[in-house]
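Quick notes on the structure that follows.
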Protein chains: 2
Amino acid sequence: MLNNSHYIDKLRSSGLRPTKQRIKICEILFNTEKTFHFTINDLVKKISKATNDKISLATVYNTVHAFKKKGYLKEIPINSDQSYFDTNTSHHHHFYDENQKDLIDIDDSDVEPVKINTRIPGKKIKSVEVLVKVEDINS
Amino acid sequence: MLNNSHYIDKLRSSGLRPTKQRIKICEILFNTEKTFHFTINDLVKKISKATNDKISLATVYNTVHAFKKKGYLKEIPINSDQSYFDTNTSHHHHFYDENQKDLIDIDDSDVEPVKINTRIPGKKIKSVEVLVKVEDINS
DNA sequence: TCAATAGTTTAGAACTATTATAATGTAGAA
DNA sequence: TTCTACATTATAATAGTTCTAAACTATTGA
């Protein structure tokens with residue numbers, strides 16, 4: 001809202017035109033102290049709370065994908081009917097609470113480096129992601 | 001095909017009626033030396049190859065979910081447009097080849113035990129799954 | 001053995017997340 | 001300012017999955 005020049009620069013420097021929709025989405029995703037997880041549906045709700053100018057669903061999808069491609073967002077692999085995204089793009093892992101259907105970050109420093117003692121010929125490792133599924137103690 | 005009594009017992013003992021559809025799906029999923037990964041679509045194709053009596057799509061979904069619930073199948077967390085299942089229900093991990101969209105088992109013995117040095121109060125760990133995304137070396 | 005019943009299968013409709021389309025709008029360059 | 005390539009939009013299309021409700025069948029117990 002206030003200081004958008006940062007986002008404008010960020011967008012422009014990665015070859016994305018700083019349109020008002022993209023800037024608004026930047027504000028919603030990156031103007032927070034803490035990183036967070038969201039689905040497209042979550043983001044649409046946040047947008048409609050934050051502004052009166054609605055952004056079309058297609059643009060939300062386009063923007064999220066563009067941001068993911070540029071490395072501003074990560075997609076988190078969970079079996080789910082919808083995709084989860086993370087504004088925390090640093091290397092880290094996740095708890096997935098199967099009762100609350102809630103994702104919780106695990107700091108990289110809280111996971112001992114994962115050693116994989118096998119390789120696939122002709123392939124290089126792109127990422128190593130740990131998903132810790134948890135549930136209520138009494139279940 | 002031949003010795004179905006094993007599957008009949010297995011189904012019955014877990015409270016699932018041994019219908020011919022379920023027995024057929026058991027044969028396809030569990031009559032193999034090696035475990036494998038599949039999508040619902042893969043399974044439907046295997047069924048239509050294996051038999052002339054077609055099994056309706058709804059039944060395939062129902063059966064896979066029932067088998068998953070009983071622990072005969074695992075669902076593998078990958079971001080994908082469709083769900084992947086695994087007939088290997090032992091503890092192990094996966095490579096996901098992003099170019100070929102192919103899943104490859106990583107033996108549990110090929111991954112050093114993953115130590116998580118943090119916990120969520122009131123929650124217990126249900127599983128720890130490692131997904132190693134790989135891609136072609138020249139990409 | 002046979003009817004009752006509770007669980008199962010089925011085709012097809014419905015639903016939901018996501019992607020494609022193609023017309024309109026707009027940022028940035030000339 | 002004008003042009004053009006890129007963006008946005010509403011809407012249609014697609015694809016995986018779930019729902020529905022009627023028909024079917026394995027099991028129970030009389």
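We name chains A, B, ... by the order of the sequence lines, and we start the count at 1 in each one.
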Please give, in whole Å, the distance from [N] [atom2] to [X] [atom1]?
{"X": "Lys69(B)", "N": "dT8(C)", "atom1": "NZ", "atom2": "C1'", "answer": "15 Å"}
{"X": "Asp9(A)", "N": "dA27(C)", "atom1": "CG", "atom2": "C1'", "answer": "15 Å"}
{"X": "Leu43(B)", "N": "dG16(D)", "atom1": "CG", "atom2": "C1'", "answer": "15 Å"}
{"X": "Asp53(B)", "N": "dT25(D)", "atom1": "CG", "atom2": "C1'", "answer": "15 Å"}
{"X": "Ile40(A)", "N": "dT19(C)", "atom1": "CD1", "atom2": "C1'", "answer": "12 Å"}
{"X": "Ile23(B)", "N": "dT9(C)", "atom1": "CD1", "atom2": "P", "answer": "10 Å"}
{"X": "Lys24(B)", "N": "dT9(C)", "atom1": "NZ", "atom2": "C1'", "answer": "17 Å"}

Exercise. By a strict heavy-atom criterion of less than 4.0 Å, which residues belonging to residues 74-85 of chain B are in contact with DNA chain D?
Worked result: Asp81(B), Gln82(B), Ser83(B)
Produce the list of close N/O pairs, under 3.5 Å, pairing protein atoms with atoms of nucleotides 28-30 of chain D; give distances to one decimal.
none

For this session: Ignoring backbone atoms, test whether Tyr61(A) places a side-chain nitrogen or oxygen under 4.0 Å from the OP1 or OP2 oxygen of dT18(C).
Result: yes
Exercise. Does His65(A) put a side-chain nitrogen or oxygen below 4.0 Å from OP1 or OP2 of dT19(C)?
Worked result: yes
Seminar exercise, completed: Asp97(A) meets the salt bridge (Lys or Arg N to Asp or Glu O under 4.0 Å) criterion, sequence neighbours left out, with Lys123(B)
Problem set entry | Terminal axes of the helix from dT1(C)-dA30(D) to dA30(C)-dT1(D) (five pairs each): angle between them, nearest 10 degrees | 20°
Problem set entry | Pi-cation contact, Phe36(B) with Lys46(B) (under 6.0 Å, within 45°) | yes
Problem set entry | Residue pairs involving residues 9-23 of chain A (criterion side-chain hydrogen bond (donor to acceptor under 3.5 Å, both in side chains); sequence neighbours excluded) | Ser14(A)-Tyr72(A)
Please name all residues satisfying side-chain contact (heavy atoms from CB on, under 4.5 Å) with [X], sequence neighbours left out, ordered by chain then number.
{"X": "Ser90(B)", "result": "Asn88(B), His92(B)"}
{"X": "Asp42(A)", "result": "Phe38(A), Thr39(A)"}
{"X": "Asp107(A)", "result": "Ser109(A), Asp110(A)"}
{"X": "Val128(A)", "result": "Val114(A), Ile125(A), Val130(B), Val132(B)"}

Side chains of [X] and [Y]: donor-acceptor distance under 3.5 Å anywhere?
{"X": "Tyr84(B)", "Y": "Asn79(A)", "answer": "no"}
{"X": "Glu112(A)", "Y": "Asn117(B)", "answer": "yes"}
{"X": "Glu129(B)", "Y": "Ser127(B)", "answer": "yes"}
{"X": "His37(A)", "Y": "Asp102(A)", "answer": "no"}

For this session: Answer with yes or no whether the hydrophobic clustering places Phe30(A) together with Ile55(A); edges join I, L, V, M, F, W, Y residues whose side-chain heavy atoms lie under 4.5 Å apart.
Result: yes
For this session: Between protein and nucleotides 7-13 of chain D, map the contacts as a letter string: B base, S sugar-phosphate only, - none, heavy atoms under 4.0 Å, written 5' to 3'.
Result: SSBB---
Problem set entry | Pair listing, salt bridge (charged side-chain N to carboxylate O under 4.0 Å, His left out) test, anchored in residues 62-79 of chain B, at least two apart | Lys68(B)-Glu75(B)
Problem set entry | Pair listing, salt bridge (charged side-chain N to carboxylate O under 4.0 Å, His left out) test, anchored in residues 49-61 of chain B, at least two apart | none
